[in-house]
Each structure stands twice: as structure tokens, then as C-alpha cells.
Amino acid sequence: MKIATMREAIARYVHDGDTIAIEGFTAFICFAAAHEIIRQGRRDLILCRMTPDLIYDQMIAAGCARKLVFSYLGNPGVGPLHCIRRAVEKGIPRPLEIEEYSHFGMVARYMSGAARLPFFPLRSYMGTDQPKVNPRIQFVDSPYGNGQVAVVPPLNPDVTIIHAQRADASGNTQMWGLLGVQKEAAFAARQVIVVVEEIVDEDIIRSDPNRTVIPGLIVDAVVHQPYGAHPSYAQGYYDRDNRFYLEWDQISREEATTLAWLDEWVYGVDDWSGYLAKLEKREPGIWKRLAPGEAWSQPVNYGVYG
Amino acid sequence: MTKLSTLAEAVASIPSGAHVALSGFAITRCNMAFAREVIRQGIRRLTVSQCVGAMDADMLAGAGAVERIIYGGGSLDRFGRLNCVNRGIEEGTLVAEEYSSLSLAFRYLAGALGLPFIPIRSLRGSDILKRLQELAPAEIGYVDDPFTGDNWLVLKPLIPDVAVVQVQVADEGGNAWIMGPRWDNEEQVKASKRTIVITEHLVPTEVIRREPERTLIPGFRVSHVVHLPFAAHPTSVYRAYDYDAEHIRHYAEATKTPEGFQKYLDKYVYGVQDHWGYLELVGGLKHLNNLIADPILGY
């Protein structure tokens with residue numbers, strides 16, 4: 001049985017010192033998992049992500065991480081990530097090692113990890129200073145005489161956590177909308193937790209096989225957590241809460257206000273239901289405000305064969 | 001911008017000697033109408049690549065249109081071997097570069113990403129690699145992994161002149177969906193210099209836009225869109241029609257000898273003017289109707 005509560009899944013699979021990837025590009029960012037990791041007091045994590053976003057800013061503010069492996073650091077469209085900046089510049093709440101790539105550099109690391117390759121070549125980094133500060137970006141001459149190319153090593157997280165619209169009880173996971181590097185990050189990981197808006201019958205998954213991004217055979221735990229990506233979004237379920245991204249810029253400017261926020265919204269609740277209850281109490285119309293409306297896709301006929 | 005063309009126009013854009021990547025896999029989504037038209041137009045000396053050798057490649061090879069095949073083995077699935085490909089190899093008229101299917105998909109992937117090489121875990125310690133080294137030594141290289149010092153096999157990108165892809169749904173601009181299994185098709189298209197899309201259904205662009213993540217082939221890669229129902233007959237197209245077992249059995253039998261295959265070609269390729277003539281010859285609507293995936297019932 002792979003179905004677990006968030007508390008069970010994090011307790012079972014995320015350990016101090018682990019390398020963790022919580023992926024999802026702009027959309028599907030699983031704050032519910034991050035908050036549970038913070039609540040359970042994990043330490044010394046190596047956090048990996050394309051765009052650390054608010055999710056890692058919060059985890060780093062809570063002292064969960066010793067290292068960040070990433071591409072593009074920022075509160076998208078708003079400004080810098082103040083907590084990560086404090087950790088890097090001042091060691092608050094603890095020193096943070098950073099390892100920076102371009103976006104495609106991170107994709108290449110996950111691809112290499114997923115295919116169990118020694119490295120992955122990419123036509124990036126030439127003429128940039130990034131290799132000077134990141135020794136894991138190397139250059140190799142092609143044996144075919146067609147030039148030199150950058151290579152990056154595989155990234156194999158201990159645990160990858162993915163948020164998606166739906167999965168069945170075996171973990172066959174379907175997503176639609178803006179996808180990121182979830183498939184590669186999941187295949188690269190030793191263990192995979194999927195967090196979904198809905199758990200559905202296997203029949204529903206089978207009715208549309210091309211939407212299955214992550215097959216159940218690589219999934220260890222399935223967590224049912226509606227609205228688990230707030231303030232990020234899940235296509236067709238709720239929109240991005242841009243107000244919170246703006247608020248976070250103010251909250252996170254000072255260590256004290258950040259810790260007060262964590263006390264209230266993370267440590268001060270038992271679980272994600274507690275967070276959602278607070279959210280709905282603060283703004284009763286929140287899900288109406290974030291409702292994405294309806295734009296249904298046309299069903300397709302796969303036919304019955306053999 | 002419309003890229004709609006007739007099959008004859010699309011095929012005429014391919015010069016003899018070109019490298020053509022084919023979308024078929026054994027007896028599924030093969031470019032059969034395309035192969036018949038290539039043969040009718042007398043295009044020769046092609047290099048053909050696909051990760052699993054299929055019926056389209058076999059027919060082209062049998063007709064003498066292919067000089068070199070780059071593939072990962074192949075068959076007519078439960079109907080037998082690729083007799084024409086095998087005969088060509090045995091008689092020395094066809095050069096075969098044999099890979100594993102994955103390693104060929106990796107070569108397309110390297111081409112798609114514009115990489116000078118790509119590492120792979122497959123092939124090492126196999127006779128496939130030994131033979132490739134004898135046949136095409138320039139295609140095999142090694143690099144030292146800068147992170148561990150280990151020596152790794154790296155493959156060259158494969159960049160076909162044109163990918164020819166049988167799809168279920170496309171718009172006039174060439175934005176296309178492939179439903180069901182897709183094997184190496186996405187990497188083939190993105191590695192190739194251009195793509196010819198052959199589609200069962202032609203839909204308005206707004207239908208394509210409704211489900212953006214299904215668009216496997218972006219239109220800007222596409223030079224020609226050919227709207228041609230049953231273009232993969234006698235092979236199958238998921239959700240459109242099943243394979244024609246009787247016809248494939250007949251083909252497998254006919255290709256056992258060069259004479260038998262010649263008779264097959266005379267009847268089904270040279271004996272008809274175009275695809276519509278072919279569809280009439282194989283039994284017309286009455287016969288094809290048995291193969292259709294019924295739009296109401298779904299099978």
C-alpha cells in the first residue's frame with residue numbers, strides 16, 4: 001500500500017543529511033511537503049531544484065539545509081529570496097553552501113541521473129563565469145572532432161517529491177499544463193513521493209495513458225493533499241496566489257518576521273489541513289479568488305485493440 | 001501558414017541519396033503510402049534510420065531504394081522477419097549499421113539537443129559494438145569522464161535530412177499529436193533537418209491548442225503536411241485502425257523470394273496510380289471498414 005499521510009511519507013523517506021528534490025517549475029510546487037519537513041525538524045539536507053522559489057527560502061529559513069543545488073534564484077517577478085541571501089551572506093540561521101547551474105544544466109544533471117549515465121553533455125556555459133565558481137561544470141573534447149562541450153555529473157536525489165493533479169493508488173501519476181523536470185527528477189531518485197490533488201481509480205489513469213508522466217513502478221508513497229501546492233498552483237484546480245508571493249517579500253526581509261511567520265503558519269499547525277483552515281479563516285473567499293474557471297479538453301478515442 | 005501538400009509533392013521534395021528517418025515500429029504507424037510513392041517516383045540510394053526496423057523500411061529496401069539502413073534490428077512482429085532487409089544484407093546490396101534500439105534513440109537525442117556526442121551505458125561488451133567498429137569506425141568514440149576518470153563510450157549525433165512521421169492528428173501548420181506509443185519519434189523529428197507529417201486527421205489549430213502538452217511535433221519543424229487516411233495500411237495506427245493481418249501475411253509470404261516480392265510490387269505499387277487506387281485494390285471501403293476503430297464504440 002503506497003497511500004500515506006504526508007506525516008508518514010516524510011517520516012519514512014526523508015532523513016537528516018538526505019539529498020532532496022522537490023520539483024515543479026512555476027506550477028506544482030509542493031509547499032505541503034516542505035512544511036511537513038520543517039515541522040519534523042529535518043537538518044543538513046541538500047536541497048535541489050530548478051528555481052528554489054519560496055519553498056526553499058522557507059526551508060532554509062527554518063534551518064533544514066546545509067547546501068542548495070539550483071538554477072535561477074529569485075522570487076519570480078517580485079525580487080530576491082531574502083532568507084537564502086541571509087544564509088549565504090551571513091550564515092543565518094546557518095551557513096549554506098551553494099552550487100549553481102543554468103536551468104538546462106539542472107535538466108542535464110537529472111537526465112544523466114535518470115539514465116544512470118556518468119555525465120551529460122550540453123552546449124552551455126561557454127564564455128560564462130559559471131564554471132569558475134562551480135567545479136562540477138567541466139569541459140570535454142569530442143572524440144569526433146566536432147568541438148568542445150560542457151558536461152555535468154548525474155544528480156540522483158535520495159528522495160524526489162512531485163506534486164500532480166491525480167494518481168491512482170499504485171502511484172501512476174498524471175499531469176497536464178506547464179510541466180517541468182518532474183519525470184527526470186523522479187526517475188533519477190532512489191525514492192519518490194507523489195502528492196496529488198485527487199486519488200483516482202486505475203481505470204481513469206488507463207483511459208488516457210499518454211498523460212501518465214510518472215509510472216507507479218518508481219513511486220514509493222502517494223499522498224492525497226488537495227491544495228498542497230498553495231501558493232503555487234495546480235493547472236485546472238487553482239491558480240497561483242500571487243498576493244502571497246508579494247507578501248513573502250515583506251515577511252522574509254527580516255529574520256524575526258520570517259520566524260514569526262514560520263511559528264504561526266508551519267509550527268503552529270498540526271498539518272496541511274491546519275494551514276488550509278487558517279488560510280480560509282483569513283480569507284474566506286480565497287478558493288473563489290484562485291478558481292481557474294473551466295477549459296475542458298476534448299476527450300480522445302484510443303480505440304480497443306487486440 | 002499552410003503546409004498542406006499532396007503525398008506526391010512531399011515525396012518529390014526528397015532527393016536520391018537523402019537520409020530519411022521513418023516513424024514506424026515493426027507493423028505499427030509505418031509510412032507505407034510514403035514508401036509506395038518513393039518507389040513509384042524512383043528515388044534511390046536512401047539512407048534509412050529507425051530504432052526498430054519496420055515494414056516501411058523493408059519495402060523500400062526490397063525495391064532497391066535503400067543503400068544504407070541504420071537501425072536496432074526489426075521484424076514484422078508476429079508475421080515474420082524483414083525478408084527484404086535481411087536479403088539485402090546477405091547479398092551485400094544493403095549496408096546495415098546495427099545498433100540497439102536505445103542507442104539509436106540516444107543518437108537522435110544527441111542530434112535533437114545539438115550535442116557533439118552523447119554517453120551511453122549500452123553496447124559495451126557486445127558484438128554489436130564490435131561489428132560497428134569494423135563497419136563504421138568513425139562512428140565510435142570514447143571520452144574520459146572528468147568526474148571519475150572512467151573511459152566511456154560516446155555516440156555520435158544522428159541528423160537525418162528528413163523525418164517522415166505518421167501521426168493521428170495535425171493542423172495545417174504541422175503541429176501534430178501522436179497517440180499511444182511514440183518510441184523514438186520525438187527525438188527523430190527534433191534531430192532531423194525537417195519533417196514530413198502524414199496525418200489521419202486534419203484539425204483546426206484551435207483544436208491543437210486546446211491540449212498543448214499533446215503536441216509532440218511543433219509545426220516549425222515541419223515542411224509538408226499530408227492529409228491521407230489509411231496511409232499506414234496494412235500496418236496499424238492506434239485509435240484509427242488495426243493492422244490488416246491478411247495483407248501482412250501475404251506480404252511476408254511474397255517477400256520470401258525476390259520474384260514473389262517483384263509480383264507484389266507490380267500489383268500493389270506499380271499497378272496503381274496513387275494511394276486511392278491502392279485502397280480500392282486492397283478491398284476498398286468494404287474491406288477497410290473492418291479495420292477502422294469505430295468512432296462511436298471506440299474499437
Side-chain angles (χ1 to χ4, degrees), chain A residues 27 104 107-109 111-112 114-124 131 135-155 165 174-180 183 207-213 235-236 295-306, chain B residues 28 102 106 109-110 113-122 138-157 168-169 177-182 201 203 206-207 209-214 216 236-243 292-299:
Chain A
F104 192 60
V107 175
R109 288 205 62 189
M111 280 170 80
S112 173
R116 302 307 191 259
L117 294 174
F119 55 81
F120 205 89
L122 65 161
R123 285 221 188 261
S124 301
R136 286 188 152 168
I137 299 168
Q138 294 282 328
F139 292 91
V140 169
D141 285 319
S142 170
Y144 301 114
N146 48 359
Q148 200 187 47
V149 71
V151 297
V152 292
L155 178 52
Q165 282 104 334
Q174 298 195 326
M175 310 179 67
W176 52 96
L178 180 64
L179 303 187
K183 182 173 73 178
S207 71
D208 198 354
N210 288 138
R211 271 199 222 283
T212 305
V213 174
Q235 185 91 27
W296 294 93
S297 77
Q298 193 86 343
V300 295
N301 173 23
Y302 275 92
V304 175
Y305 293 82
Chain B
T28 302
L102 181 71
F106 265 52
L109 177 61
L113 295 175
L115 296 173
F117 62 83
I118 191 163
I120 187 153
R121 206 169 260 282
S122 308
E139 304 294 305
I140 300 299
Y142 295 86
V143 304
D144 288 331
D145 174 3
F147 303 107
T148 62
D150 294 343
N151 192 248
W152 277 80
L153 170 65
V154 295
L155 300 174
K156 238 183 181 177
Q168 284 93 344
V169 180
W177 297 349
I178 295 176
M179 285 160 185
R182 305 183 287 219
H201 300 279
V203 300
E206 63 192 53
V207 172
R209 290 202 173 154
R210 226 175 270 161
E211 297 182 72
E213 66 275 4
R214 283 200 203 276
L216 200 75
S236 64
V237 174
Y238 197 45
R239 115 182 242 280
Y241 44 89
D242 210 341
Y243 57 77
I292 285 180
D294 186 296
I296 307 298
L297 296 172
Y299 59 91

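Below, read A as the first sequence line, B as the second, and so on, with proteins coming before strands; counting in each chain starts at 1.
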Engaged part of [X] at the chain B interface, taking heavy atoms whose separation is under 4.5 Å:
X      : value
A:R211 : side chain
A:F104 : side chain
A:F119 : both
A:V213 : neither

Look at atom CZ of B:R209 and say whether more than 12 heavy atoms of other residues, nucleotides or ligands are closer to it than 6.0 Å.
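Not buried by this count: 12 neighbours or fewer within 6.0 Å.
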If I measure from the heavy atoms of chain A, does [X] come under 4.5 Å with its side chain, its backbone, both, or neither?
X      : answer
B:P212 : neither
B:I178 : backbone
B:A240 : backbone
B:F147 : side chain
B:L109 : side chain
B:Q168 : neither

Decide yes or no for [X] and [Y]: does some side-chain heavy atom of the first lie under 4.5 Å from some side-chain heavy atom of the second?
X      : Y      : answer
A:Y144 : B:P116 : no
B:F117 : A:V140 : yes
B:P146 : A:P153 : no

Once side chain to side chain donor-acceptor pair (under 3.5 Å) is applied, do any residues pair with B:D242, and if so which ones, sequence neighbours excluded?
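With sequence neighbours excluded, B:D242 shows a side chain to side chain donor-acceptor pair (under 3.5 Å) to no residue whatsoever.
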Between chain B and each of A:S297, A:S142, A:P118, A:P143, count heavy-atom pairs under 4.5 Å; write down the option with the most.
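With the most close heavy-atom pairs to chain B, the winner is A:P118.
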When heavy-atom pairs shorter than 4.5 Å are enumerated against chain A, which of B:M179, B:K156, B:R210 gives the highest number?
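Max contact count across the listed options: B:K156.
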So which of B:I118, B:V154, B:L113 has the biggest tally of heavy-atom pairs under 4.5 Å with chain A?
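When all of B:I118, B:V154, B:L113 are compared, B:V154 has the most.
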Would you give the length of the straight line joining atom CZ of B:F106 to atom CG of A:L117, rounded to the nearest 0.5 angstrom?
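Going from CZ on B:F106 over to CG on A:L117, the span is 5.0 Å.
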Within this structure, what is the CG-CG distance for the pair B:D144 and A:D141, rounded to the nearest 0.5 Å?
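Here the rounded value is 11.0 Å.
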Between A:D208 and B:R214, what is the shortest heavy-atom contact and its length?
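Shortest heavy-atom separation between A:D208 and B:R214 comes out as OD2-NH2, 3.1 Å.
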B:I140: partners by side-chain contact (heavy atoms from CB on, under 4.5 Å), with sequence neighbours left out
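Listed in chain order: B:L129, B:L132, B:Q133, B:Y142, B:L153.
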